[in-house]
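The structure appears below as structure tokens.
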Amino acid sequence: MITAPLSGVILDVLDWRWLFIIEGMLSVVVMVFWWFTISDRPEEAKWLSERERHYLVTELNREREALRALAPVQNAPLKEVFRNGSIRKLIVINFFYQTGIYGYTLWLPTILKNLTGGDMSSVGMLAIIPYVGTMLGILAMSMLSDKTGKRRLFIALPLCGFAACLAASVSVSHNIMASYGFLVGAGFFLQAATSAFWTIPSKVTTPEVAGSARGVINGLGNPGGFCGPYLVGVLVNFYGQSTAIYALVASLLIAALVTTLLPKECDMALIPGAKAKAMADEYARAKAARRLQGIKPGIV
């Protein structure tokens, strides 16, 4: 939202080298701010009140102790992650979602320039509104997901909304205002599925696998961030911009389709005390199942 118009001004006034230098310096400023303000644990967070800190530490310790008493968590082999069908689905969802996200964000300035014919400064200003929509989309979908507990719905809905807005922006490209409006709509849905998505891994894995699962989902899904922009570039060169955008639409629809295949347990709402017990019960069941299959628990 801020860097888009700033980048446009820098490119118009200076050149691309100064763009990298100035925005690189801004990253260093953010890094220094992060280092002195962000804490690793609630106990270290100076921006929390004493009451808030005490509540968080107490609840986290209560869950940890309840889980340890019910079923001690041991290290699990990485293959346990890939045995979980839901985790495999989450990897696929994240890959195609990241393909759509990065294909849109990295090519948005070019799309806007081709649509409006404006210079870099005006394109930068036009790029602000979609990212204002992104903030509103994250907030709205997160609130609705929490209120209803329907995690799968509020992953699939933003993915379909994102795809529909991209497709509509192409279909009405003869009308600049309408096409831009749909690009803003795509911005609204851009990151709206993220919050609900990352609640899922802990609901479909045992405690011993949950940490590894998040890493695998992130690691194998993020290559979509390379594939999206690269795919768009190739298709723009050979078939034109419209075909490239429709490819992103297809990617997002694949992610939405796979989301519908996730188990109903993804929508379960667990209160803190019940969460620890449910996780422990699931862990105990999985450990018993592995023992029957001749797999020793706790082997890395």
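- A side-chain donor-acceptor contact under 3.5 Å links Thr199 to the backbone of Ala196.
- No side-chain heavy atom of Leu159 sits less than 4.5 Å from a side-chain heavy atom of Leu253.
- Closest heavy-atom contact between Tyr180 and Leu126: OH-O, 2.6 Å.
- Here the shortest heavy-atom pairing between Val170 and Ser242 reads CG1-OG, 3.4 Å.
- Remark: aromatic rings of Phe162 and Tyr97 are distant, center separation not under 6.0 Å.
- The distance from the CG atom of Leu257 to the CD1 atom of Ile93 is 9.5 Å, given to the nearest 0.5 Å.
- Closest heavy-atom contact between Leu166 and Ala186: CD2-CB, 4.0 Å.
- The closest donor-acceptor contact from the side chain of Trp107 to the backbone of Val232 lies at 3.5 Å or more, if one exists at all.
- Shown here for Pro229 and Gly224, the closest heavy-atom pair between the two residues is CD-O, 4.3 Å.
- Leu231 and Leu108 are not part of a single hydrophobic cluster, where members link through side-chain heavy atoms under 4.5 Å apart.
- Rounding to the nearest 0.5 Å places CD of Gln191 at 8.0 Å from OG1 of Thr105.
- If you take CD1 on Ile217 and CD1 on Ile87, they are separated by 4.0 Å, rounding to the nearest 0.5 Å.
- Here the closest non-hydrogen pair linking Val249 and Ala163 is CG2-O, 3.5 Å.
- In this structure a side-chain-to-backbone donor-acceptor pair under 3.5 Å is missing from Asn218 to Arg214.
- Arg51 places none of its side-chain heavy atoms less than 4.5 Å from the side chain of His54.
- Side chains of Ser195 and Ile138 form a contact here, defined as non-hydrogen atoms less than 4.5 Å apart.
- Of all non-hydrogen atoms in Asn175 and Ala178, the two that sit nearest each other are OD1-N, 3.1 Å.
- Note that CD1 of Ile91 and CG of Asn222 are 11.5 Å apart. Values are rounded to the nearest 0.5 Å.
- The closest donor-acceptor contact from the side chain of Thr134 to the backbone of Pro130 lies under 3.5 Å.
- With 3.5 Å as the limit, one finds a donor-acceptor pair spanning the side chains of Ser145 and Arg151.
- Side chain of Thr259 to backbone of Ile155: no donor-acceptor contact under 3.5 angstrom is found.
- Between Ile128 and Val132 the shortest side-chain heavy-atom distance falls below 4.5 Å.
- One hydrophobic cluster, built from ILVMFWY side chains closer than 4.5 Å, holds both Leu90 and Trp198.
- Placement of Leu14 and Met25 within a single hydrophobic cluster is found when ILVMFWY residues are connected by side-chain heavy-atom separations under 4.5 Å, directly or transitively.
- Lys150 NZ: 12 or fewer foreign heavy atoms inside a 6.0 Å radius.
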Applying side-chain contact (heavy atoms from CB on, under 4.5 Å), run through Met143 and Leu139 and close with a yes or a no. CA-CA 6 Å; Met143 291 175 63; Leu139 181 62; 3.9 Å; yes
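- Atom NZ of Lys147 is separated from atom OG of Ser142 by 14.5 Å, given to the nearest 0.5 angstrom.
- Cluster annotation: Phe96 is connected to Leu220 through the hydrophobic network of ILVMFWY side chains, with a link wherever side-chain heavy atoms come within less than 4.5 Å.
- In this structure, the side chain of Ser27 engages the main chain of Glu23 through a donor-acceptor pair within 3.5 Å.
- Taken together through direct or relayed side-chain contacts under 4.5 Å among Ile, Leu, Val, Met, Phe, Trp and Tyr, Tyr104 and Leu235 form parts of separate hydrophobic clusters.
- Although no hydrogens or angles enter the test, the distance criterion places no donor-acceptor pair under 3.5 Å between the side chain of Ser179 and the main chain of Ser173.
- Partner of Asn114 under the side chain to side chain contact (heavy atoms under 4.5 Å, CB included) criterion, chosen from Ile111, Thr110, Leu112, Thr116: Thr110.
- A donor-acceptor pair is defined here as one N or O able to donate and one able to accept, closer than 3.5 Å; no such pair exists between the side chain of Glu59 and the backbone of Leu56.
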For side-chain contact (heavy atoms from CB on, under 4.5 Å), just list the numbers for Leu115 and Leu183, CA-CA rounded to whole Å, side-chain angles, deciding distance to a tenth of an Å, and then say yes or no. CA-CA 11 Å; Leu115 179 66; Leu183 289 173; 4.2 Å; yes
Could you go step by step and tell me if Val236 and Thr243 meet the side-chain contact (heavy atoms from CB on, under 4.5 Å) rule? CA-CA 7 Å; Val236 165; Thr243 302; over 6 Å; no
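- Distance check: Ser251 OG to Tyr102 OH gives 13.5 Å after rounding to the nearest 0.5 Å.
- In this structure, Arg152 contributes its side chain and Thr260 its backbone to no donor-acceptor pair below 3.5 Å.
- By the 4.5 Å heavy-atom criterion applied to side chains, Phe188 and Pro158 are not counted as neighbours.
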